[in-house]
Amino acid sequence: MTEVDHEQTAARQAGTPAPGEDWIAALTSDGPVRDDALRRLHALLLRGARFQVSRMSALRAMVGAAQVEDIITLAADEAMVAVLGKLHAFEGRSRFTTWAYKFAVLQAAVELRRQAWSRREVPLDAAPPLIERRPTPDQYAEGAELAAAVRDAIDRVLTPHQRRIALALIVDEVPIDVLADRLGTNRNALYKTLHDARSRLRAHLSVEGYLVPSPGETR
Amino acid sequence: MTPAERPLPPDALQLLTTDPGPWLSCDDCFRLVDRYVDALLADSTGSTDAELAAMPAHLSGCSACAEEATTLLLLAATDEGLDPAEALHRLTAP
C-alpha cells in the first residue's frame with residue numbers, strides 16, 4: 001500500500017472524504033451526476049485558461065481578441081481530455097481543482113506563446129557576442145567586473161549549443177516552448193541545456209574568483 | 001544599438017550567476033506543481049515532502065514553468081479564500 005493509499009484510507013476511516021474523492025466519484029459515475037460534474041469541470045478549466053491568458057498581457061496584445069478567445073476555448077477543451085484521461089493518475093496529494101487547473105494553465109500558456117511568436121523571427125544563428133565595445137561610466141560601477149567576466153565566459157566557456165540556447169532564453173527572452181518548436185526539440189531538453197550552461201559558467205567563475213560556490217556545489 | 005553592443009541585462013546576469021540547484025525536468029515540475037502550490041498555501045513545504053525540494057530552483061531558472069506555477073497558485077488561493085502574498089514570495093525561494 002502506498003503512502004497515498006494510507007492517507008486516503010485514513011481519511012475514509014475518519015469519516016472525511018480524501019481530497020478530490022467527490023470529483024472522482026462524480027466523474028466516474030453515470031447519468032446526470034456525471035453530466036453535471038463534466039459541466040463543472042469544463043467551467044473550471046475555462047476559468048483556469050482565461051486567468052492564465054489574462055496574466056500574459058504583452059503576448060495577448062500580439063494576437064487578436066478573437067484569437068485569444070479561441071486559445072482559451074481550445075486550451076480548456078484539450079485540458080478536459082487530459083484530465084479525464086488521467087483521472088486514474090490523480091493521487092489525492094493536492095486538491096483536485098489545483099491538479100485539474102494545471103492542465104488548462106499549461107495548455108493556455110503554451111498556445112498563447114506559440115501564437116504570439118508565430119510571425120516573429122528567432123535570431124538563433126545570429127546571436128552576437130555580449131561584448132560592449134566602448135566602456136561606459138556604468139561599467140565601472142559595482143558589478144561591472146562580474147558582468148564583463150560573465151560576457152567573456154559565455155563566449156569562451158560554453159559550447160556553441162549552450163551559448164545559443166542560453167542567449168535565446170535568457171537574453172532574448174524567447175519563450176522556451178517557442179524555441180523548442182523552432183529547433184524541433186522539447187522544453188525538457190532546452191532546460192537541461194540551460195541548466196548545464198549555468199553550472200558550467202558558475203564553475204568557471206568560481207575558479208576565477210568571481211563567485212563563491214554554494215554548499216554542496218562542486219567546482 | 002548594434003548587435004555587438006547589446007548589453008547583458010541585470011536580470012540575465014543574475015540568472016546566469018545563480019546556482020541552478022539540483023536538476024529537475026520541466027515534466028517533473030509539471031507533475032509536482034499542484035502539490036507544491038497547495039503545500040505553499042498550507043505553509044507546509046519542506047516538512048515531509050522531500051520530492052518538492054528542487055522546485056524553487058527550477059522555478060527560478062525556468063520562466064515558463066514559473067509563470068504557470070504563479071497562475072496556479074493565484075487560482076488555488078482565490079478558490080480557498082487565502083491571501084497568496086506569502087506563498088508567492090516563497091514560490092522561488094530556496
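Residue numbers start from 1 in every chain, and the chains themselves are labelled A, B, ... in the order their sequence lines are given, proteins ahead of strands.
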Problem - SB check A:Lys192 A:Asp196 (cutoff 4.0 Å) - result: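 Yes.
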
Handout entry: Carboxylate-amine/guanidinium contact B:Glu67 A:Arg113, below 4.0 Å
Key =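 Yes, this pair counts.
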
Practice task
Indicate the atoms forming the closest heavy-atom contact of A:Ala168 with A:Leu179, along with that distance.
Solution key: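 Scanning both residues completely, I find the closest heavy atoms to be CB-CD2, 3.9 Å.
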
Exercise for the section: Name the region of A:Ile176, side chain, backbone, both or neither, that has any atom closer than 4.5 Å to a heavy atom of chain B. Expected result: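 A:Ile176 touches chain B through side-chain heavy atoms alone.
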
Handout entry: Residue part contacting chain B, namely of A:Tyr210, when any heavy atom lies under 4.5 Å
Key =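 The answer is neither part of A:Tyr210.
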
Exercise for the section: Go through A:Leu190, A:Ile170, A:Asn188 and name the one with the most non-hydrogen pairs under 4.5 angstrom from chain B. Expected result: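 Result: the option with the highest number of such pairs is A:Asn188.
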
Which atoms of [X] are under 4.5 Å from chain A, going by heavy atoms: the side chain, the backbone, both sets, or neither?
X	result
B:Leu15	both
B:Leu73	neither
B:Cys65	both

Exercise for the section: Assess the side chains of A:Gln162 and A:Thr193: does a donor N or O sit below 3.5 Å from an acceptor N or O? Expected result: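 Result is no, nothing qualifies.
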
Practice task
Please work out which of the three classes, parallel, tilted or perpendicular, describes the rings of A:Trp99 and A:Phe96, given edges at 30° and 60°.
Solution key: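 A:Phe96 and A:Trp99: tilted rings.
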
